[in-house]
Novice: 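Once you've had a glance at the structure underneath, I'll fire off some questions.
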Number of protein chains: 2
Amino acid sequence: MADIKAPTHLLFLREEELRQGIELLYFAYRDFTAEPDQMLARYGFGRAHHRVIYFVGRHPGMTVSELLGILRITKQSLSRVLGQLVEEGFIVQQPGARDRRQRLLTLTEKGTQLERQLSQNQRDRIARAYRRAGADAVEGFRRVMLGIVNEADQKRFDRSREPTP
Amino acid sequence: MADIKAPTHLLFLREEELRQGIELLYFAYRDFTAEPDQMLARYGFGRAHHRVIYFVGRHPGMTVSELLGILRITKQSLSRVLGQLVEEGFIVQQPGARDRRQRLLTLTEKGTQLERQLSQNQRDRIARAYRRAGADAVEGFRRVMLGIVNEADQKRFDRSREPTP
DNA sequence: GAGATCCATCAACATGGCTGACATAAAGGC
DNA sequence: GCCTTTATGTCAGCCATGTTGATGGATCTC
């Protein structure tokens with residue numbers, strides 16, 4: 001019978017390749033968040049605040065449920081962080097027009113400024129990586145990253161201009 | 001004078017492109033860690049334990065300093081997690097031969113089993129994404145991700161077989 | 001009018017970061 | 001052979017951010 005398994009050295013290469021993929025995700029994410037974390041510390045904020053500010057900035061008028069769906073944390077965890085951001089004037093909540101149970105979330109001017117400061121750092125890092133890698137590489141990056149994201153959230157990344165809430 | 005700025009719609013596209021990059025990193029990392037986190041919970045472990053197990057498995061006989069350098073946390077934080085893993089028989093420490101101050105870290109059989117179980121999930125996810133995206137895309141992915149990683153750690157990803165400790 | 005939904009809040013707990021201080025053993029320079 | 005530096009561990013306490021569980025009000029939907 002023919003041996004179905006690939007030669008050992010090919011398996012080895014594949015394992016090495018996949019482990020490098022794991023590590024690329026780990027190191028890239030570590031370095032991607034380190035500098036914003038430092039900026040946030042100056043405001044007494046953490047990474048959780050950053051995520052809230054980022055996504056509210058990205059989807060102005062979004063509901064609490066939508067935000068919970070993105071962050072995948074409990075409402076109690078969110079409420080602490082969100083409460084602080086409202087308290088300190090980075091975010092405002094206004095009742096929904098159609099559904100008045102909702103509290104639609106929007107960045108204030110102050111919130112917008114912080115959001116831009118934080119995301120500027122990350123956009124710079126990504127822009128630099130894109131520039132060095134070239135357009136074809138960027139397309140490959142998108143395709144692979146999209147494949148890593150769970151199916152349910154892949155639709156957030158279609159080519160349309162508007163971010164899907 | 002000529003207007004140096006690019007047309008608004010090009011700037012807009014670029015901003016959108018970069019924000020999608022930010023979000024790809026966020027969503028990919030979120031989904032990449034979710035399932036291992038669940039497995040770890042069954043052992044009473046967290047993501048911190050995973051990182052230790054992963055890198056010790058990757059670099060058998062590594063020192064505590066090397067691990068600290070990768071994780072970028074304090075020795076006090078590491079010691080709690082590492083202590084548990086040694087206590088519960090997932091990792092062994094042995095004095096270094098050249099430098100007997102060092103405690104070289106190695107996975108036990110039990111540790112190796114857990115490591116494979118955890119990383120298998122992540123390797124599967126990456127393999128699936130690689131397969132769907134194709135070889136050229138994978139190369140682009142590598143190039144972009146490498147550009148996001150801080151210069152100091154890029155050398156961990158040479159094409160050589162051996163992971164650099 | 002009843003039930004479901006959206007959101008907030010209180011309380012208690014666990015994980016995993018952090019700082020600061022101190023200790024020990026071994027290595028290395030002079 | 002001292003002396004300094006290095007590698008590591010440990011104790012104590014603080015903070016950020018996740019969790020579960022219970023409870024309640026306002027509002028929408030049928």
Side-chain angles (χ1 to χ4, degrees), chain A residues 26 29-30 33-34 36-54 56 61-88 91-106 165, chain B residues 26 29-30 33-34 36-56 61-88 91-105 165:
Chain A
Y26 169 72
Y29 197 76
R30 186 198 65 178
T33 50
D37 282 355
Q38 284 194 304
M39 299 181 199
L40 288 154
R42 293 200 288 271
Y43 294 81
F45 291 155
R47 199 176 294 178
H49 300 84
H50 186 185
R51 292 195 276 253
V52 171
I53 289 178
Y54 179 85
V56 171
M62 80 187 306
T63 67
V64 172
S65 308
E66 286 164 355
L67 188 50
L68 284 174
I70 288 177
L71 299 180
R72 302 271 177 88
I73 60 176
T74 60
K75 61 178 179 175
Q76 293 92 327
S77 295
L78 173 58
S79 98
R80 243 185 333 221
V81 170
L82 184 54
Q84 290 171 22
L85 291 170
V86 171
E87 183 82 17
E88 302 184 30
I91 288 182
V92 287
Q93 297 173 301
Q94 40 189 168
R98 288 199 326 273
D99 186 337
R100 288 180 315 188
R101 291 171 304 179
Q102 298 175 335
R103 309 293 173 85
L104 307 185
L105 306 173
T106 316
Chain B
Y26 169 73
Y29 197 76
R30 187 198 65 177
T33 50
D37 281 355
Q38 284 194 305
M39 299 183 200
L40 287 155
R42 293 200 288 271
Y43 293 81
F45 292 154
R47 199 176 293 179
H49 300 84
H50 187 184
R51 291 196 277 254
V52 171
I53 289 179
Y54 179 85
F55 284 109
V56 171
M62 80 187 306
T63 68
V64 171
S65 309
E66 285 164 354
L67 188 50
L68 285 174
I70 287 177
L71 300 180
R72 301 271 177 88
I73 60 177
T74 60
K75 62 177 179 174
Q76 294 93 325
S77 296
L78 174 57
S79 99
R80 245 185 330 219
V81 170
L82 184 53
Q84 290 171 22
L85 291 170
V86 170
E87 183 83 16
E88 302 185 28
I91 288 182
V92 287
Q93 297 173 301
Q94 40 189 168
R98 288 197 326 272
D99 185 338
R100 287 180 317 188
R101 291 171 305 180
Q102 299 175 334
R103 309 290 174 87
L104 308 185
L105 306 173

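Residue numbers begin at 1 in each chain, while the letters A, B, ... track the order of the sequences.
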Novice: Given atom CG of Leu71(A) and atom C1' of dC7(C), what is their separation to the nearest angstrom?
Specialist: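 Atom CG in Leu71(A) sits about 16 Å away from atom C1' in dC7(C).
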Novice: If the sugar-phosphate is the primed atoms plus P, OP1 and OP2 and the base is the rest, what is the B/S/- string for nucleotides 20-30 of chain D, using protein heavy atoms under 4.0 Å?
Specialist: BBB---BBS--
Novice: Can you name the residues that form a side chain to side chain contact (heavy atoms under 4.5 Å, CB included) with Leu104(B), not counting sequence neighbours?
Specialist: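 Applying side chain to side chain contact (heavy atoms under 4.5 Å, CB included) to Leu104(B) gives Thr63(B), Gln94(B), Gln102(B).
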Novice: Just how far, in rounded Å, is C1' of dA7(D) from CG of Leu82(B)?
Specialist: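 Answer to the nearest Å: 14 Å.
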Novice: Across the strands shown, which category fits Gln93(A) at heavy-atom distances under 4.0 angstrom: base, sugar-phosphate, nothing?
Specialist: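 Here Gln93(A) touches the backbone only, sparing every base.
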Novice: What's the CZ-C1' distance between Arg80(B) and dG13(D), to the nearest Å?
Specialist: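 The answer, rounded to whole Å, is 11 Å.
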Novice: Determine whether a donor-acceptor pair (N or O, by modelled atom type, separation under 3.5 Å) exists between the side chain of Arg30(A) and the backbone of Ile70(B).
Specialist: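 At least one qualifying donor-acceptor pair exists.
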Novice: Residues in side chain to side chain contact (heavy atoms under 4.5 Å, CB included) with Thr33(B), at least two apart?
Specialist: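 Checked Thr33(B) against side chain to side chain contact (heavy atoms under 4.5 Å, CB included); matches are Tyr29(B), Asp37(B), Arg47(B).
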Novice: Run the salt bridge (charged side-chain N to carboxylate O under 4.0 Å, His left out) test against Arg100(A) and tell me which residues pass, sequence neighbours left out.
Specialist: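 Not a single residue meets the salt bridge (charged side-chain N to carboxylate O under 4.0 Å, His left out) criterion with Arg100(A).
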Novice: For Gly44(A) and Arg72(A), find the nucleotide of DNA chain D closest to each by heavy atoms; which residue's nucleotide sits nearer the 5' end?
Specialist: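 Result of the comparison: Gly44(A).
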Novice: Taking five pairs at each end, how big is the angle between the two axes of the helix from dG1(C)-dC30(D) to dC30(C)-dG1(D), to 10°?
Specialist: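 It works out to 40° between the end axes.
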Novice: Can you measure Leu68(B) atom CG to dT8(D) atom P for me and round it to whole angstrom units?
Specialist: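 Rounded to the whole Å, the gap is 8 Å.
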Novice: Taking only residues two or more places apart in sequence or in another chain, which ones pass ring pair (Phe, Tyr, Trp, His ring centres under 6.0 Å) with Phe45(B)?
Specialist: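 Phe45(B) satisfies ring pair (Phe, Tyr, Trp, His ring centres under 6.0 Å) with His49(B), Phe90(B) once adjacent residues are dropped.
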Novice: Roughly, in whole Å, what's the span from CG in Asp37(B) to P in dA14(C)?
Specialist: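 Whole-Å distance recorded here is 19 Å.
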Novice: Once you round it to whole Å, what is the distance between P of dT6(D) and CZ of Arg103(B)?
Specialist: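 Nearest whole value for this atom pair: 19 Å.
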Novice: Identify, with sequence neighbours excluded, every residue that meets salt bridge (charged side-chain N to carboxylate O under 4.0 Å, His left out) alongside Arg42(B).
Specialist: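 Per chain and number, Arg42(B) pairs via salt bridge (charged side-chain N to carboxylate O under 4.0 Å, His left out) with no residue.
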Novice: Using ring pair (Phe, Tyr, Trp, His ring centres under 6.0 Å) as the criterion, list what pairs up with Phe55(B), not counting sequence neighbours.
Specialist: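 Tyr26(A), Phe27(A).
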Novice: Using a heavy-atom cut-off of 4.0 Å across all strands, would you classify Arg47(A) as base, sugar-phosphate, or nothing?
Specialist: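 If one applies the 4.0 Å heavy-atom cut-off, Arg47(A) turns out to touch the sugar-phosphate alone, with no base involved.
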Novice: Which pairs pass salt bridge (charged side-chain N to carboxylate O under 4.0 Å, His left out) with one or both residues in residues 71-82 of chain B, sequence neighbours excluded?
Specialist: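 Sorted result for residues 71-82 of chain B: Asp31(A)-Arg72(B), Arg72(B)-Asp153(B).
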Novice: How long is the span from the CG atom in Leu82(A) to the CD1 atom in Ile91(A), to the nearest 0.5 Å?
Specialist: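 The distance works out to 5.5 Å.
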Novice: List in chain and number order the residues that pass side chain to side chain donor-acceptor pair (under 3.5 Å) with Ser65(B), two or more places apart in sequence or in another chain; answer none if no residue qualifies.
Specialist: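 Here no residue qualifies.
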Novice: Looking at residues at least two apart in the chain, or sitting in another chain, which of them share a side chain to side chain donor-acceptor pair (under 3.5 Å) with Ser79(B)?
Specialist: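 Counting only residues at least two positions away or on another chain, Ser79(B) forms no side chain to side chain donor-acceptor pair (under 3.5 Å).
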Novice: Leu78(A) has an atom CG; how far is it from atom C1' of dC6(C), in whole Å?
Specialist: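 Roughly 13 Å, once rounded to whole Å.
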Novice: Does anything in residues 48-56 of chain B come within less than 4.0 Å of DNA chain D? Heavy atoms only, and list the residues if so.
Specialist: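 Heavy-atom cutoff 4.0 Å gives no residues at all.
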Novice: Whole Å only: how far is the CZ atom of Phe45(A) from the C1' atom of dG17(C)?
Specialist: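 Roughly 19 Å, once rounded to whole Å.
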